[in-house]
Colleague: 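Before I ask anything, here is the structure I am working with.
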Amino acid sequence: FLNCDNGTYDAWYWAHPPQYMPDNCNLADVEEIRKYKAMQEEAENIRKALEYAVDTELIPKNPAAKATLPKKQKFVTSYYNPEQLNILLEASKGTELESVIHIAVRYGMRRSEILGLRWSSVHLDEGYITIEGTAVPNAGQVLYSDETKNRTSNRSLPLTDEENAFFCTVREKQESNADTFGNCYTHSDYVCTHKDGRPIRPDYVTHAFKRLINKAGLPDVRFHDLRHSFATVYINNGGDLKHLQEWLGHSKIDTTGDIYSHLNFRSKIDMAKQMSALLTTVPASDNSDNSGISEQNAVSAADDEQTDEAV
């Protein structure tokens, strides 16, 4: 994301834990994977770190001193409507992506959160799941962590009776597969696994998802767009941005608003209808009874208008 040399990129790379770096990441990819506000923060950190290196005579000059950030681009989401989501859910049944897609569509969770979900975080009796782990690609391998993307990503979501039954079915299938595969079965605590028990990898989800939607005749979207689909359906049906922020685990409501506020058109329609109803129920003034407001009220009204203009 910086127009600078590889030395600066190396400094950025080693300053970050590998679980936050995508597989085969390079300088050209960074602009695509970091949100603009995060880019600004990272750029400033790089400049400060390299300036310190100059001050301590580790390097002769700061290669990031004249680096520039790209212009902020308006983020436009791609998403499926409810009919398309139902088609996807039906198409995934019986495949090894069934549990992954079900959780993505029903909960809007990130891919890393879905693949990092453990049975120890699924509380069937209490009726909720806890998002507290991730599985992310790293240099051709998968790095499993007990930490989420940020503090607010660590959250609890409710289990409806339908979702409770779904997770029970997934567990029963795993137990049945364990009996079938015997010693060849890989025992783990992960919810989303292949039939032989191996945890499903992020790269497998990406490629298998593309094949599945092509076969189902659905529009070409990214797997992450299922998260946007969840949010879009919720907002378009009168959902609240604050509640959505908490559900999705966004650290700031600004993030939720930047992505989804333009979709919240139904609430604007409701507001317009409410105002229309209020204004049309006000009785017309009778000039014989109210020839005008008093001088005192006129002054007060004028003062109010000046105050409104100043706010």
Side-chain angles (χ1 to χ4, degrees), residues 77 79-90 92-93 97-136 144-175 188-193 199-200 205 209 223-257 259-261 263-264 266-267 270:
T77 61
Y79 57 89
Y80 285 158
N81 58 37
E83 180 182 357
Q84 291 169 324
L85 290 174
N86 283 326
I87 292 174
L88 176 62
L89 288 170
E90 189 64 29
S92 69
K93 289 183 178 179
L97 277 187
E98 180 177 1
S99 59
V100 177
I101 288 178
H102 184 98
I103 296 172
V105 170
R106 297 282 186 159
Y107 282 94
M109 289 164 56
R110 302 176 178 96
R111 183 185 66 175
S112 60
E113 296 170 343
I114 297 171
L115 301 184
L117 183 64
R118 299 172 180 264
W119 284 113
S120 56
S121 298
V122 180
H123 309 283
L124 296 174
D125 293 335
E126 294 82 0
Y128 70 94
I129 61 175
T130 303
I131 292 85
E132 53 191 353
T134 57
V136 296
Y144 294 94
S145 173
D146 292 331
E147 297 180 357
T148 51
K149 183 178 179 181
N150 51 54
R151 182 177 58 83
T152 54
S153 294
N154 192 314
R155 59 204 188 278
S156 295
L157 300 176
L159 284 172
T160 63
D161 291 341
E162 183 181 2
E163 297 310 314
N164 195 303
F166 167 78
F167 279 101
C168 287
T169 300
V170 172
R171 174 173 279 181
E172 290 171 0
K173 287 182 179 179
Q174 287 186 349
E175 293 173 350
S188 74
D189 190 37
Y190 290 99
V191 173
C192 298
T193 63
I200 295 178
V205 172
F209 177 70
F223 180 81
H224 191 74
D225 290 325
L226 297 184
R227 178 172 166 87
H228 297 318
S229 300
F230 171 90
T232 300
V233 171
Y234 173 76
I235 289 295
N236 283 342
N237 284 275
D240 178 74
L241 279 177
K242 181 60 179 177
H243 292 159
L244 181 62
Q245 175 210 353
E246 296 171 352
W247 185 284
L248 295 179
H250 287 158
S251 59
K252 299 178 180 179
I253 196 170
D254 290 352
T255 303
T256 316
I259 300 174
Y260 303 112
S261 61
L263 298 172
N264 198 14
R266 175 167 294 187
S267 63
D270 292 339

Colleague: What's the spacing between H250 NE2 and L244 CG if we round to 0.5 Å?
Modeller: 7.0 Å
Colleague: What is the distance from atom OG1 of T232 to atom CD1 of I235, rounded to the nearest 0.5 Å?
Modeller: 8.0 Å
Colleague: Report yes if the distance between the aromatic ring centroids of Y234 and W247 is under 6.0 Å, otherwise no.
Modeller: no
Colleague: How many angstroms lie between OH in Y80 and CG in L226, if you round to the nearest 0.5 Å?
Modeller: 7.0 Å
Colleague: If the condition is side-chain contact (heavy atoms from CB on, under 4.5 Å), which residues does K242 pass it with, not counting sequence neighbours?
Modeller: D240, Q245, E246, I253
Colleague: With sequence neighbours left out, write down each residue that passes side-chain contact (heavy atoms from CB on, under 4.5 Å) with E175, or none if nothing qualifies.
Modeller: R171
Colleague: Using side-chain heavy atoms (C-beta onward) and a distance below 4.5 Å, is R111 in contact with H224?
Modeller: no
Colleague: Sequence neighbours excluded, which residues qualify as ring pair (Phe, Tyr, Trp, His ring centres under 6.0 Å) partners of F167?
Modeller: none
Colleague: From N81 CG over to Q84 CD, what is the distance, rounded to the nearest 0.5 angstrom?
Modeller: 4.0 Å
Colleague: Sub-3.5 Å donor-acceptor pair from the side chain of R155 to the main-chain atoms of I131, do we have one?
Modeller: no
Colleague: Find out whether L88 and F209 are in side-chain contact, i.e. whether some heavy atom of one side chain is under 4.5 Å from a heavy atom of the other.
Modeller: yes
Colleague: OG1 of T134 to CE of M109: how many Å apart, nearest 0.5 Å?
Modeller: 11.0 Å
Colleague: Can you sort out the partners of V233 under side-chain contact (heavy atoms from CB on, under 4.5 Å), two or more places apart, ordered by chain and number?
Modeller: P82, L85, N237
Colleague: Is any side-chain heavy atom of I129 less than 4.5 Å from a side-chain heavy atom of S121?
Modeller: no
Colleague: Locate the shortest heavy-atom distance separating C168 from L124; write the atom from each residue and the value.
Modeller: SG-CD1, 3.8 Å
Colleague: Between S99 and C192, which heavy-atom pair has the shortest distance, and what is it?
Modeller: OG-SG, 3.6 Å
Colleague: Locate the shortest heavy-atom distance separating S92 from I101; write the atom from each residue and the value.
Modeller: CB-CD1, 3.8 Å
Colleague: Closest approach of L117 and T130, non-hydrogen atoms and distance?
Modeller: CD1-O, 3.8 Å
Colleague: Are the side chains of Y144 and Y190 in contact, using a 4.5 Å heavy-atom criterion?
Modeller: yes
Colleague: Would you say the side chain of Y107 lies within less than 4.5 Å of the side chain of E113, judging by non-hydrogen atoms?
Modeller: no
Colleague: With sequence neighbours excluded, what pairs up with D189 under the side-chain contact (heavy atoms from CB on, under 4.5 Å) test?
Modeller: R118, W119, S120
Colleague: Are side-chain heavy atoms of F223 and V100 found at a separation under 4.5 Å?
Modeller: yes
Colleague: Could you give the distance from CG (L89) to CD (E98), rounded to the nearest 0.5 Å?
Modeller: 9.0 Å
Colleague: With E90, which residues qualify under salt bridge (Lys or Arg N to Asp or Glu O under 4.0 Å), at least two apart?
Modeller: K93
